[in-house]
*Asks:* 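Next up is a structure, given as structure tokens.
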Amino acid sequence: MKELEPEIIRSYLLGVLDESTREQVEQRLMTDRDYKEEVLISEEELLEDYVSGALGRHERDLFLKNYLTTPLQKQKLRMALALDKRARLNMLQPAGIDGSPNLLQRFVGVLGTRKLFLQLSWAVLILVLMAGTWLIFKSWRTGQELHAELLRLNSPNSSLLDAGPSVSQLSLSPFTLRESGNLPTATITSETQVVQLRTPQPSSQQQIYQAILKDSNGAEVLRVPGLTIRNLNNTKVLALQLPAGVLTSGDYTLTLTEQNSSEDIADYSFRVIRQQN
Amino acid sequence: MTKRWEDNFEALLAWLDPDRERAGDKYEDIRHSLINIFSWQGASDAEDLADETISRVINKVPEIALTYKGDPALYFYGVAKKMQWEVMRREQSVAANPSFDNVTDTREPSETKDFEREYECLEQCLSKLPASDRELILLYYQQEQPKIDSRKELARKLGIAPNNLRVRVHRIRLGLHACIEKCLGSKTET
């Protein structure tokens, strides 16, 4: 067997190797720690590809039929999902691991200088930076809270909320034209906390989708990845649950794409009316 | 636990490696490999099967240790293969279906009640990691598509080869996994 062939390892994990090659893989797994580590890394990458929707249809079917059959594998999948969710939440935070110089140390070094002009310049700069940081932090925190709320409302295991005073529910149809003037309309009152948009199952066979919400000027309002098909009374729907606070009065377009593709699958138009109390 | 079993277990460790610490590592490594192999072959009780395999080897050690040639791990593998066949035949006779071909409908595998508990544990365990490891693993998994390019870029920034980055993240992840299992265990007990 060739050195660490990734396709052989993946075929092994997907349960499609012939008996003899499978034995070779397993014997090497038992005796070669580097090889075993490579198989475990390949397994993590397979799980990651499944979670992100990057597996092709054939591989996904094999994954579900042959790989995801035991409690251990399901636990590994839950960990991959949790890590994916946590990493997406982290996307709003600055990374800072790129080895850039430590600004704080530079400040301290310069403040230690005896030159008055330099000290005053740095003092002014620090004040400006503090004000800027506060503004950025305020905006970042709002963004992070929104992101966390979107994840909470739309993660695969989140429940679909029932329509009621706090939940405005809207079923969207792909054939509604904005010009017709009969757009489906969500009314937001002071009690409304969540707007739930439901669309029919897209014709694509993907299991994970991304929703992109745009305002009437075509500007992107938000983007929610990782949406899965839900089964409601034997009808398959895709649901997007939005905190009511992100929507102002106006017309919107909801675009669905496959998780890792920019190609549109379906567009839906709808209107939001905010009632002032 | 009988005296004979204890003697055999000591003989097993000595067979794996004359150094007791290295023998212990090797034992754990073999057990971990067996659990994974059984699980990848579709056995839902992989841990039990791995332990049963080890018990059988322990019982045989006095006979084979002096004469067996080669890596002891392969002997364990041979016993495990035999066990796999036994399990298959047993299940064939019960259900007329090979156990490793059973198909479960898991079309919505993510919808499980355990997810939230695991997510909480993940948060706890991430907070216990050194800051640099936490930052690295989150950055690694939040890379935009195509991931292969952005991860190469990340490896370049860190000054390491892309494959070394994969291995480094995997090792952090192993630690996280162990921490999460411990956390879930303590949550079950309470």
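Note that the coordinates shown come from a computational prediction; the quantities given were computed from them, not determined experimentally. So that the names make sense, note that chain A is the first sequence line, chain B the second, and so on, each numbered from 1.
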*Asks:* Applying salt bridge (charged side-chain N to carboxylate O under 4.0 Å, His left out), run through B/E86 and B/R89 and close with a yes or a no.
*Replies:* CA-CA 5 Å; B/E86 282 176 23; B/R89 283 175 57 187; over 6 Å; no

*Asks:* Most heavy-atom pairs under 4.5 angstrom with chain B, which of A/L83, A/D84, A/L13, A/V51?
*Replies:*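 The residue among A/L83, A/D84, A/L13, A/V51 with the greatest pair count is A/L83.
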
*Asks:* Please check this pair: side chain of A/Q196 against backbone of A/L161, looking for a donor-acceptor N/O pair closer than 3.5 Å.
*Replies:*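 Yes, A/Q196 side chain to A/L161 backbone: donor-acceptor pair under 3.5 Å.
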
*Asks:* For the side chain to side chain donor-acceptor pair (under 3.5 Å) test, which of A/E26, A/K36, A/R33 pairs with B/S33?
*Replies:*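 Exactly one candidate clears the test, A/K36.
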
*Asks:* For a side chain to side chain donor-acceptor pair (under 3.5 Å) with B/H170, tell me which candidate from A/E38, A/E45, A/E44, A/E43 qualifies.
*Replies:*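 For B/H170, the side chain to side chain donor-acceptor pair (under 3.5 Å) check succeeds only for A/E44.
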
*Asks:* For B/C179 and B/C121, is the interatomic SG distance under 2.5 angstrom?
*Replies:*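 Looking at B/C121 and B/C179, their sulfur gamma atoms do not lie closer than 2.5 Å, so the answer is no.
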
*Asks:* Heavy atoms under 4.5 Å from chain A: which residues of residues 64-82 of chain B carry them?
*Replies:*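 When heavy atoms of chain A are the reference, residues 64-82 of chain B contributes B/D71, B/A73, B/L74, B/F76, B/Y77, B/K81 within the under-4.5 Å range.
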
*Asks:* Please look at B/E123 and chain A and tell me whether the side chain, the backbone, both or neither of the residue comes under 4.5 angstrom of a heavy atom of that chain.
*Replies:*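 Looking at B/E123, just its side chain touches chain A.
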
*Asks:* Run through B/T53, B/D51, B/N36 and flag the one making a side chain to side chain donor-acceptor pair (under 3.5 Å) with B/R31.
*Replies:*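 Single side chain to side chain donor-acceptor pair (under 3.5 Å) partner of B/R31 among B/T53, B/D51, B/N36: B/D51.
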
*Asks:* Heavy-atom distance under 4.5 Å to chain B: side chain of A/E48, backbone, both or neither?
*Replies:*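 The answer is the side chain of A/E48.
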
*Asks:* Examine whether an atom of A/Q75 lies under 4.5 Å from a heavy atom of chain B, and if so say whether it belongs to the side chain, the backbone or both; otherwise answer neither.
*Replies:*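 Its backbone and side chain both get close to chain B.
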
*Asks:* Apply the test side chain to side chain donor-acceptor pair (under 3.5 Å) to residues B/N59 and B/R56: give CA-CA distance (whole Å), side-chain angles for both, the deciding distance (0.1 Å), then the verdict.
*Replies:* CA-CA 5 Å; B/N59 288 334; B/R56 290 187 186 189; over 6 Å; no

*Asks:* Give, as side chain, backbone, both or neither, the part of B/V169 having an atom under 4.5 angstrom from any heavy atom of chain A.
*Replies:*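 Neither; nothing under 4.5 Å.
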
*Asks:* Treating A/Q241 as the side-chain partner and A/L153 as the backbone partner, does any N or O pair qualify as donor plus acceptor under 3.5 Å?
*Replies:*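 Flag set: sc A/Q241 to bb A/L153 pair under 3.5 Å.
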
*Asks:* Determine whether a donor-acceptor pair (N or O, by modelled atom type, separation under 3.5 Å) exists between the side chain of A/K85 and the backbone of B/Y119.
*Replies:*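 No; judged by distance alone, with no hydrogens or angles, the pair does not exist.
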
*Asks:* For chain A, find which of B/S39, B/S44, B/G159 contributes the most heavy-atom pairs closer than 4.5 angstrom.
*Replies:*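 Most pairs with chain A among the choices: B/S39.
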
*Asks:* What part of A/L29 gets within 4.5 angstrom of chain B, counting heavy atoms only: side chain, backbone, both, or neither?
*Replies:*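 Both backbone and side chain.
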
*Asks:* If only atom types and distance count, is the side chain of A/N154 paired as donor or acceptor with the main-chain N or O of A/L240 below 3.5 Å?
*Replies:*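 Pair absent, no side-chain N/O of A/N154 close to backbone of A/L240.
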
*Asks:* Taking it one step at a time, do A/R28 and A/D32 satisfy salt bridge (charged side-chain N to carboxylate O under 4.0 Å, His left out)?
*Replies:* CA-CA 6 Å; A/R28 195 156 167 205; A/D32 180 345; 3.5 Å; yes

*Asks:* Side chain, backbone, both or neither: which part of B/I37 has an atom under 4.5 Å from a heavy atom of chain A?
*Replies:*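 Both backbone and side chain.
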
*Asks:* Is it the side chain or the backbone of B/R173 that comes within 4.5 Å of chain A heavy atoms, both, or neither?
*Replies:*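 Contact with chain A: backbone and side chain both.
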
*Asks:* Looking only at heavy atoms, which of residues 17-28 of chain B get nearer than 4.5 Å to chain A?
*Replies:*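 Residues in range: B/D25, B/K26.
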
*Asks:* Are the side chain of B/R151 and the backbone of B/P162 linked by a donor-acceptor contact shorter than 3.5 Å?
*Replies:*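 Side chain of B/R151 to backbone of B/P162: no pair is present.
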
*Asks:* Quick one, A/L62 and A/Y67 - any side-chain contact, counting heavy atoms below 4.5 Å?
*Replies:*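 No, side chains not in contact.
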
*Asks:* Are the side chain of B/R134 and the backbone N or O of B/L129 linked by a donor-acceptor pair below 3.5 Å?
*Replies:*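 It does hold such a pair.
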
